[in-house]
Each structure stands twice: as structure tokens, then as C-alpha cells.
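In what follows, every chain begins at residue 1, and chains take the letters A, B, ... in the order their sequences are listed. Just so it is clear, the structure is predicted and the values come from calculations on it, not from any experiment.
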There are 2 protein chains.
Amino acid sequence: MSETASKSFPSDIEISRSTKLKHISEIARNIGIDADDIIPYGKYKAKVPLHYINEQKIQQSNLILITAITPNKAGVGKTVTSVALSLGLNYIGKKAAVALREPSLGPCFGMKGGAAGGGYSQVLPMEDINLHFTGDFHAITCANNMIAALLDNYQYQNRNTDKALERIVWRRVLDVNDRSLRNMVSGLGGSANGIPTEMGFDITPASEIMALFCLATSEEDLQARIERIVLGYRSNKTPFTVKDLDIAGSITVLLKDAILPNLVQTTENTTAFVHGGPFANIAHGCNSVLATKMALSCNDYVVTESGFGSDLGAEKFLDIKCRLSGLRPKATVIVATTAALKLHGGVPAADITKQNMEALMAGAPNLRRHIQNMKGFGQNVVVSFNRFKHDSDEEIAYLESVCEEEGVVFAINNGFVSGGEGAASLAQKVVDLIENNPSKDINFTYELEDSIRVKIEKIATKIYRAGAVTFSGSAATKLKQFEANGWGNLPVCVAKTQYSFSDDEKKICAPEGFTINVRDLVINAGAGFIVAVAGEIMRMPGLPKDPQAMHIKLINGEIEGLS
Amino acid sequence: MSETASKSFPSDIEISRSTKLKHISEIARNIGIDADDIIPYGKYKAKVPLHYINEQKIQQSNLILITAITPNKAGVGKTVTSVALSLGLNYIGKKAAVALREPSLGPCFGMKGGAAGGGYSQVLPMEDINLHFTGDFHAITCANNMIAALLDNYQYQNRNTDKALERIVWRRVLDVNDRSLRNMVSGLGGSANGIPTEMGFDITPASEIMALFCLATSEEDLQARIERIVLGYRSNKTPFTVKDLDIAGSITVLLKDAILPNLVQTTENTTAFVHGGPFANIAHGCNSVLATKMALSCNDYVVTESGFGSDLGAEKFLDIKCRLSGLRPKATVIVATTAALKLHGGVPAADITKQNMEALMAGAPNLRRHIQNMKGFGQNVVVSFNRFKHDSDEEIAYLESVCEEEGVVFAINNGFVSGGEGAASLAQKVVDLIENNPSKDINFTYELEDSIRVKIEKIATKIYRAGAVTFSGSAATKLKQFEANGWGNLPVCVAKTQYSFSDDEKKICAPEGFTINVRDLVINAGAGFIVAVAGEIMRMPGLPKDPQAMHIKLINGEIEGLS
């Protein structure tokens with residue numbers, strides 16, 4: 001988002017530091033939460049106990065989903081829009097909160113910065129949120145690896161017996177970018193040191209613990225989901241779960257604090273819940289159900305964000321998270337920029353700030369398809385543009401005409417530069433839509449009763465606009481095995497590139513008629529979905545030649561180099 | 001310590017739950033710390049900012065070191081004594097705190113329970129302290145593994161150049177008991193996934209980050225220590241450090257909250273600092289310098305504990321921690337039990353609760369040597385017995401006579417059963433000793449200017465009473481290399497079995513004239529010591545057949561199975 005910034009526009013961290021934060025107990029009191037009930041982590045972060053979740057109030061409150069066009073190098077500012085809209089809603093007199101994912105620490109030290117918004121639309125304290133925060137990711141890492149240690153110990157103690165598993169599918173995790181941990185062999189060094197085993201580490205947001213943590217609806221449901229995690233298979237091919245290992249209680253104990261939603265504040269001291277952070281390809285890519293419910297219980301409007309473009313994040317938000325939890329957004333905001341659409345229209349990255357009506361028109365079908373897909377879900381849509389200085393009036397007018405043709409609301413968001421005031425117009429349009437024409441129930445892409453194959457085909461054809469779906473031999477075998485194992489009624493979570501509607505990141509804009517190839521199926525019985533893997537998915541990023549870690553420093557007690 | 005308990009005596013967790021905790025801001029206020037200055041983690045834990053450290057007050061306050069006879073299966077109750085003595089001191093009207101190590105989460109889910117004292121002498125909330133606590137261990141794990149990822153990335157980005165290191169010595173850590181992670185190969189799966197490398201994980205308390213974290217005297221010193229960590233060696237054999245990797249700033253940022261001492265309370269609402277937890281063999285085995293200094297800054301008496309027996313923990317406390325920090329204990333308490341001494345006297349474990357004067361006399365030389373060693377340091381000594389029901393008056397009278405012969409104070413501690421009241425007599429004896437005959441400056445075992453070989457020989461002969469020290473070929477080579485690298489003036493930290501004065505755990509009681517074999521030397525330039533490895537040291541424990549994890553559960557919001 002730095003493109004909007006003039007030379008004198010302050011950096012994210014400067015804005016963050018110049019913001020006078022309110023004590024978190026005051027933020028809590030403002031939304032009806034007794035200061036004595038919160039669990040503070042310093043002055044500006046707190047966990048909120050689950051008894052504040054109020055199902056009746058949730059039904060009355062208004063949930064707004066933020067999604068986006070297909071992402072590319074230009075970036076669209078989805079988190080900025082989410083925060084800004086919540087600021088704008090407060091600005092026009094509504095009691096509104098934002099509910100976001102927690103950023104992963106690993107990438108902060110690698111290529112990209114943090115993920116707490118930007119400009120005058122941030123969640124704060126950004127340094128804490130981007131680092132250890134309230135320890136949720138550490139607790140999830142710990143729980144994931146405790147299961148792995150207990151599982152390997154089970155194998156070790158039962159070696160050479162028929163209790164030993166034939167195959168282990170559980171991997172370890174660390175919240176770090178570390179390519180060398182992707183593929184490893186453990187248990188070397190002789191029989192006192194375990195059994196030689198092929199294994200590896202994913203980054204923490206890729207843990208199934210993260211996914212089920214974000215979908216759990218209560219502490220009891222959390223434990224039940226942990227019990228259902230499939231760790232491997234016995235020699236008779238039956239699945240072996242955490243329940244079989246008899247450790248779900250202790251793993252739940254490790255997560256008992258983490259499961260409580262985190263309360264923080266924005267650059268304008270309004271309410272923000274930042275809790276959970278699963279991947280949006282191999283998982284469902286949105287903050288925890290409990291945080292969304294908590295935010296709705298204490299506010300009249302809640303803005304929440306889903307991952308990547310609407311084909312990945314919003315589809316999973318609606319078909320998985322909403323179906324499971326009963327949550328129903330009253331409106332959906334699709335975030336776009338002229339620059340990102342021009343990239344979809346085929347211009348080189350170097351030229352995206354130049355006016356180019358031809359490229360914009362060539363890229364517009366990407367926006368149109370995201371609009372149509374969201375309307376297909378029964379969502380009423382606002383398209384929000386983060387306006388940049390290089391946007392010409394002619395370009396903006398064209399995009400407004402596209403929205404008009406598609407029958408959706410057009411809005412400009414200046415929240416990055418001007419906070420709530422800059423997002424007031426967007427907020428008013430969203431409120432008008434919700435008051436006059438709220439989205440009704442969700443028109444799901446598939447029914448749970450559909451076969452796994454049919455579910456995948458429906459997502460691929462209705463959302464991605466594929467012409468056909470093929471399955472590798474092993475995926476085809478698993479289709480049958482998973483149904484035989486009783487997992488046939490679970491929703492499907494497709495893992496594919498975020499850069500295209502297809503499974504080929506080079507097919508930008510609005511491809512159609514392509515073939516999606518499902519090369520593998522993965523059971524996430526704890527999270528409660530089947531991952532259909534279409535393409536190579538990175539579960540453990542690497543570090544670049546010049547990692548951000550070389551630029552992060554503590555200077556007079558202030559952190560430099562985080563953004 | 002459960003041997004003292006009658007059938008109706010409540011369990012540790014029952015006592016913990018029945019204790020009415022005070023809000024941590026009240027605990028802080030009681031020792032002159034403004035409630036606004038602490039960083040709370042919920043209601044009963046807080047971090048205290050470093051500006052409360054007062055060097056002048058530290059000099060005036062009284063530090064008491066708790067150590068023990070050579071440990072064995074009987075256990076002596078060192079942590080219970082540490083907590084109890086602080087309670088007893090408060091009971092007799094002194095302003096006293098206890099400063100302890102943080103327990104490691106891994107072993108809580110494995111064989112043993114937690115490490116927060118027991119009976120009516122506990123630090124609370126024990127469940128939190130034994131689990132994630134304030135996240136210090138997670139931050140240390142994260143910092144350790146971030147270095148590893150950045151180091152492997154350096155190797156990867158510089159592969160096939162002369163910048164690539166010839167040898168890496170840095171290992172990763174996780175706070176879990178997991179034998180299969182001891183010896184591994186990473187970087188498999190082709191050239192996009194790193195370089196195949198032999199590596200492995202230790203448990204977090206074995207990280208050099210843990211050791212240097214506990215020895216750091218300020219935030220700046222923390223960063224300087226991180227810079228000095230040796231990660232590997234270049235092809236020209238020169239050491240390659242974190243400073244060379246240019247990431248000390250970002251690693252310090254990861255530890256900026258963790259480095260602040262943790263304030264909690266005891267079963268009698270008195271002050272406890274629980275901070276840092278390094279191993280007592282490959283590291284120095286005591287809580288952080290900053291926590292000890294903070295405790296001394298806010299109290300008149302501070303009780304602190306060192307690891308294992310006095311040959312390991314107290315020797316390192318005095319020769320490493322005190323030498324570095326300027327801390328000087330005014331008295332040392334050696335903890336012992338009849339049962340543990342009878343084991344040293346040769347009786348089988350099944351018979352230690354039966355009166356056996358012969359065995360007790362045969363085991364007494366172990367106690368005598370620990371007394372003599374501590375006196376050799378210039379410490380004035382109280383020997384404290386945790387009295388058990390099976391202790392006969394004759395046994396106790398004999399031990400009192402041993403203390404008299406050795407010229408040290410004899411005391412009985414009933415703090416496990418009766419808290420501060422039960423430790424009042426011990427406390428009074430300690431106060432009397434400090435008031436009438438405080439320990440003077442420390443008579444260190446060796447001088448920093450001694451050669452590394454001489455330092456090791458002095459520890460082995462003066463403290464362990466070895467007849468000779470031998471060095472393996474590689475250790476002998478490293479003696480020269482380390483001195484050539486400029487590390488010759490560092491103190492030495494011997495890693496050997498805790499079960500014997502010798503390097504052979506079977507040589508119980510008071511062996512002498514044996515030969516200590518140093519098979520390896522390890523540089524911990526960040527921690528600031530050289531580890532002399534004498535024997536096989538477990539840096540990553542395994543799990544037993546019936547891990548404690550199978551018994552830990554969350555029942556109605558309360559944790560069962562932690563102890």
C-alpha cells in the first residue's frame with residue numbers, strides 16, 4: 001500500500017507509534033466486557049472468556065465479509081479495507097469491530113512484512129501482533145509437536161508388534177520459514193534414538209491444529225475435533241486417531257488459553273479481534289469461529305476477512321465456516337485496485353501505475369467473475385477500490401460502470417490515508433445495502449450429501465469455471481477409501497494456487513474450460529474437511545537471499561524493521 | 001515428597017486450588033512495584049520492567065543459595081525447601097522472596113511432574129507455571145530455531161561459494177521429550193529444499209539461548225551475547241557467529257519480552273520470581289541473573305536454588321553466575337534427607353524408609369563432602385533436612401552430630417506439611433547465621449586466567465576429588481583451538497552425571513581418586529563458558545511407555561494430571 005504514500009506520508013510503524021492506545025480494559029468496557037473478566041497480556045492485548053458469546057445477539061448483528069479479486073503482485077489491500085471499513089462504520093456512528101487472522105511470525109522475518117493492515121487502518125500494537133502476540137501460535141506449535149512426539153513414542157514402544165502403525169501421516173510444525181525442514185529423516189543414531197522415519201515440518205499456519213482450532217465452536221468441540229485427527233493407518237488400513245492415542249485431553253489442556261479470542265484495538269481505538277490464522281489453500285483461511293462470534297456478540301457490525309481471492313477464501317468461508325457455525329454474512333465486499341486489474345489485463349508489472357484503459361478492460365473480467373460468484377452464493381456485493389494517486393478519473397469511471405452492469409454497489413476507500421473518515425462513504429454504502437437489501441441464506445456450492453467427487457466438481461465448475469476435473473490414480477483411490485472410512489459427508493477444501501481461478505498460476509484474469517487435476521486427497525478429520533490438492537502447495541516457505549531478519553532491530557526499546 | 005503425606009494429606013494440585021491467590025498487582029505493590037508498571041499475563045502472573053533493578057539495594061540484601069547432596073531416586077525436596085525457606089522468612093517477619101527456574105513443559109508430559117515445589121510450599125499458579133507460563137520458553141525456542149533457519153539459508157544461498165561454512169555446530173530445539181528428533185538429516189528432496197545436512201533437536205532448556213538469556217545482565221548484554229554465539233566454522237577453521245550472520249538485532253527482538261523477570265506468588269501469597277531454566281549439566285542450572293537481581297532489589301532476603309547437587313549446581317552458581325554478575329550469597333543451605341543418604345550408604349531403594357544407622361553412617365560422607373566443598377568456597381552453611389514420618393529420632397540426632405562435627409548449622413524443615421510456620425525454625429537459623437556470620441567473598445575454584453585445562457583440573461580435583469583428568473584426542477585438540485580463538489579466559493561448565501561426584505553414576509556417596517575423562521569441549525561463547533563434556537549427556541529426553549500426557553485432562557475447566 002506504500003504506493004499511496006507521498007514522500008512525507010508516515011510509515012506504518014510511525015503511525016502505529018504515534019497512535020495513543022487506550023488500555024485494553026477500556027476497549028473491553030466499551031463493548032460491554034467487564035474489565036475483571038478479561039485476561040490481559042500487558043496493557044493493550046487481552047483474551048476474552050467464552051461466556052461472552054451470545055447466540056441471540058449474533059443473529060441480530062451484521063456480519064460483513066471482505067474478499068478480493070484474484071491476487072497478484074500489485075496487492076489490493078484487503079486487510080486495510082477490513083480495518084478501514086470497521087473504522088468507517090464507527091465513524092458514521094455504528095458499533096463495529098473487525099475480526100482478523102493472526103499473522104504468522106515466520107514470514108515477518110522472511111520476505112514480507114506483517115499482516116496488521118497499514119497506514120491509518122491498522123490493528124495495534126502491530127509489533128506485538130506480528131511477533132509472539134498472546135502465544136496462540138506457540139501453543140498450536142507445541143500441541144502439534146506434542147502429538148508427533150507421543151505418536152513416535154507409540155511407534156517406538158510398540159515396535160515389532162502388530163500395534164505399530166504401517167503409515168504415519170502427521171507432520172511437525174514450526175512458525176519459521178525454513179526450507180531445510182521440509183523433507184527429513186528422523187530417528188537416526190541407533191535403536192535407543194527412535195525408528196528411522198521420513199518426516200518433515202510445515203509452517204504453523206499449515207497445521208491441522210490451526211484449522212480445527214479456528215473451526216471449534218466450544219472447548220468441548222475443540223477436544224472432540226482433536227480426538228478425530230487422523231495420525232496414520234494401522235496395518236489393516238484402518239485410520240488411527242488422537243483418540244486412539246488417548247491424549248486428546250492433554251492436547252486440549254495445551255490449547256485452553258489459546259482458544260480464547262484476542263481483543264486488541266485499531267488506529268482509532270475501535271474494537272478488533274485477531275485470533276487464529278490458517279492457510280487459505282490447504283485450510284479455510286479465516287480467523288476463528290469463536291472470535292467472529294465474540295465480535296458479533298459485542299457489536300452491531302463485524303467486518304471479517306477471508307484469504308486470497310474469493311474463489312479460495314470466500315468460497316471456504318461460506319461453504320465451510322458459515323455452514324458449520326451458522327454464521328451468515330449480510331453483505332460481501334470485494335476489494336480491487338486498478339493496478340491489480342491491469343496486471344490481469346496483461347500489462348507488465350512496471351507499467352501498472354500508468355493509465356491504460358485497454359488493459360483495465362482486459363482485466364475487468366476477473367472482477368466480474370468474482371462478483372458473479374459471490375452473487376451466486378446469494379451475497380449482495382459492494383466492490384471497494386483502494387484509490388491510489390495514479391488512478392485516473394477515467395479508469396475509476398470505467399470500473400464504476402462495470403459494477404453498475406453487474407448490479408453491485410461501487411465504493412472508494414481512502415482508509416489507508418484517512419482512516420475512518422476516508423472509509424465513511426464505503427461504510428455508509430455497506431450499511432445502506434444491509435438495511436435495504438441484506439444477503440439472505442447462503443446458496444452453498446455443494447451439499448454435504450454429495451459424493452466427494454461431486455463436491456469437487458461443483459466447486460471446480462461453478463466457482464473456478466473449469467471444463468473438467470481429473471483425478472490422479474491415488475486421488476481416485478482415496479475418493480473411495482475416504483467414503484468407506486465414513487468421511488464422505490465432510491466439506492471439501494481445495495488447495496490450489498491463489499493466482500488463478502485455475503490450477504495454473506499463469507492463467508490469469510478469467511480463464512475457463514480448463515481442466516483441474518486433483519493429484520491428492522488429504523483427510524483433515526479434526527478440522528472436518530477433505531483437502532483436495534490441485535497443484536504444488538507450499539506448506540513450508542523458504543527464506544530469501546536478504547531476509548527481513550537482517551533489518552529488524554531493537555533501538556532504544558523500539559523495534560525497527562517490522563512493517 | 002509424597003512420602004510425608006498421610007492418606008488424608010491433600011495433593012499438590014488440591015493445595016494449589018484451595019489457595020486464595022492475590023491479584024498480581026497487589027503482590028507487586030507489596031514489594032514497591034507500581035501496578036501500572038507491570039506487564040500482566042492474566043491476574044496472577046506478570047513481567048516486571050528492568051528499571052526496578054537497584055544495584056545499591058542488591059548489595060544490601062541477603063542472598064541465600066539452596067543446594068543439595070548428590071541426588072538419587074529418593075529425592076531431597078530442594079525446590080520445596082527453597083519455597084519453604086522464603087515462607088519461613090516471611091513468617092518470622094522478614095521481607096523475603098524466592099527466585100526459581102521455570103520448569104520445562106516437555107517433561108510435564110513425559111515422566112515427571114512439574115517443578116513448582118510441593119505441599120504447602122509451592123509457587124502458584126502451578127498449572128500455568130508448568131505449561132506455557134508467560135511464553136519465555138516459546139520465545140527462546142523460536143529465537144533458537146530462527147537462527148538455525150537463517151543459518152541454513154545462508155548455507156543455501158552461498159552454496160558452492162567459499163562463503164559457505166565447512167561445519168555447522170548449531171542445533172535446533174523444541175520443548176518436548178522426543179527421542180526421534182535427536183539425530184536427523186534435513187534438506188532432503190532435491191536442491192529446492194535445502195542441502196542435506198546432519199542435524200538434530202535438543203530440548204529447549206539445553207539451548208545456548210537459554211543459558212545466555214539467564215546470564216544476561218541487561219538488554220544490551222543480551223544482544224552482545226547473542227552476537228557472540230558460535231554457529232559453525234568457515235573453511236579456514238575460523239568461527240562464524242551470529243554477528244557474522246548479522247541477525248542479532250532481530251533475535252534480540254524475539255526475546256525482548258521474555259527477558260523481563262516473571263513475578264508470581266507462593267502458597268502464602270509471598271513473592272516469587274520464576275524466570276529462565278537452563279540445564280545444570282551442559283549449562284549452569286539456575287534462574288536468570290536479572291530475576292535474582294530483581295528479587296534482591298525488592299526484598300531483604302532472597303532464596304534461590306541451583307541445580308542437582310552442589311558439585312554441579314552450586315559450583316556453577318558460584319564460579320559462573322556469581323563471578324559474572326557480582327552476586328554474593330550470604331549463606332548456603334544444603335538440603336538432605338535420611339532416605340537419600342541411606343541410598344548413598346548402599347541400602348536398596350525398597351528399604352530407605354526403615355531405620356538403618358549403619359547405612360546412614362555409610363552415606364554421611366556424601367553430605368560431609370558437600371558441606372566441605374561449600375565451606376571451601378567460603379560459604380557458611382546450614383544443612384536442612386526435610387523431615388519425613390519414617391525418620392527416627394536416632395537418625396536425626398546422628399545427622400545433627402555430623403553437622404556439629406563439620407561446624408555447620410543443623411535445621412529441620414517442615415514446610416511441605418506446614419508452609420511458613422513449618423520453616424520458621426530453619427528461617428531463624430539462616431537469619432542468625434547471616435546476621436552473626438555472613439559468608440564473605442567467594443573463594444572461586446579457579447581463576448579465569450588459568451588455562452582451560454587447569455580450570456577443569458581444579459574443578460575435578462578440588463570439587464569432585466578426582467585423582468586425575470584425561471582428555472580425549474579431540475578434547476585435547478580443542479583445548480588448543482579454543483585458546484587460539486580467544487576463549488581461554490572463559491569459565492568452564494562441566495557436563496557430567498548428577499548422580500555421582502565422579503563421571504560414573506554408579507560411584508555413589510563420596511568416591512575419590514577416580515579419573516575424570518573429558519571426551520569433548522563445546523564453546524558457548526554467547527553464554528560465556530566452555531562446556532567440558534565428561535560422559536554421555538542427554539540433551540533430548542525420550543518419553544516412557546506410559547507418558548503423563550495420557551493422564552492430563554481438562555475437567556470442568558480445571559486441569560487434572562499435572563503435579
Within the distance-only criterion (no hydrogens, no angle test), does the side chain of B:Ser250 pair as donor or acceptor with the backbone N or O of A:Ala549 below 3.5 angstrom? yes
Between B:Pro40 and chain A, with a heavy-atom cut-off of 4.5 Å, which part of the residue counts as in contact: side chain, backbone, both or neither? both
Honestly, the part of B:Asp128 sitting under 4.5 Å from a heavy atom of chain A is side chain
Which one wins on heavy-atom pair count under 4.5 Å against chain B: A:Gly557, A:Gly249, A:Ala248? A:Gly249
Below 4.5 Å, heavy-atom pairs only: which of A:Leu181, A:Ile552, A:Asn183 has the largest tally toward chain B? A:Asn183
CE (A:Met184) and CE (B:Met184) are apart, to the nearest 0.5 Å, by 3.5 Å
Engaged part of B:Met199 at the chain A interface, taking heavy atoms whose separation is under 4.5 Å: side chain
Closest heavy-atom contact between B:Asn153 and A:Pro544? ND2-O, 2.9 Å
Charged N to carboxylate O under 4.0 angstrom, A:Asp36 versus B:Lys43? no
Can you tell me which of A:Ile38, A:Val185, A:Thr252 forms the most heavy-atom pairs within a distance under 4.5 Å of chain B? A:Val185
Counting only non-hydrogen atoms closer than 4.5 Å, does B:Ile555 touch chain A with its backbone (N, CA, C, O), its side chain (CB onward), both, or neither? neither
Just checking heavy atoms, which of residues 133-144 of chain B are less than 4.5 Å from chain A? B:His138, B:Ala139, B:Cys142
Walk me through it: do A:Arg172 and B:Asp178 pass the test side-chain contact (heavy atoms from CB on, under 4.5 Å)? CA-CA 12 Å; A:Arg172 287 172 176 80; B:Asp178 195 341; 2.9 Å; yes
Residues 240-256 of chain B vs salt bridge (Lys or Arg N to Asp or Glu O under 4.0 Å), sequence neighbours excluded, gives B:Arg234-B:Asp244
Quick one: pull up NE2 in A:His132 and CG in B:Asp257 and give me the separation to the nearest 0.5 Å. 7.0 Å
Partners meeting salt bridge (Lys or Arg N to Asp or Glu O under 4.0 Å) with A:Glu198 (sequence neighbours left out): none
Can you tell which part of B:Leu543 gets under 4.5 Å to a heavy atom of chain A, answering side chain, backbone, both or neither? both
What's the spacing between A:Phe109 CZ and B:Leu150 CG if we round to 0.5 Å? 8.5 Å
Side chain, backbone, both or neither: which part of B:Pro196 has a heavy atom under 4.5 Å from chain A? neither
Of the backbone (N, CA, C, O) and the side chain (C-beta and beyond), which part of B:Leu131 lies under 4.5 Å from a heavy atom of chain A, both, or neither? side chain
By ring-ring contact (aromatic ring centres under 6.0 Å, His included), which residues pair with A:Phe240, not counting sequence neighbours? A:Tyr154
Interface moiety of B:Leu245 toward chain A, non-hydrogen atoms closer than 4.5 Å: backbone
Determine whether B:Asp152 and A:Arg179 satisfy the following criterion, salt bridge (charged side-chain N to carboxylate O under 4.0 Å, His left out), listing intermediate values before the conclusion. CA-CA 9 Å; B:Asp152 273 8; A:Arg179 69 172 65 74; over 6 Å; no
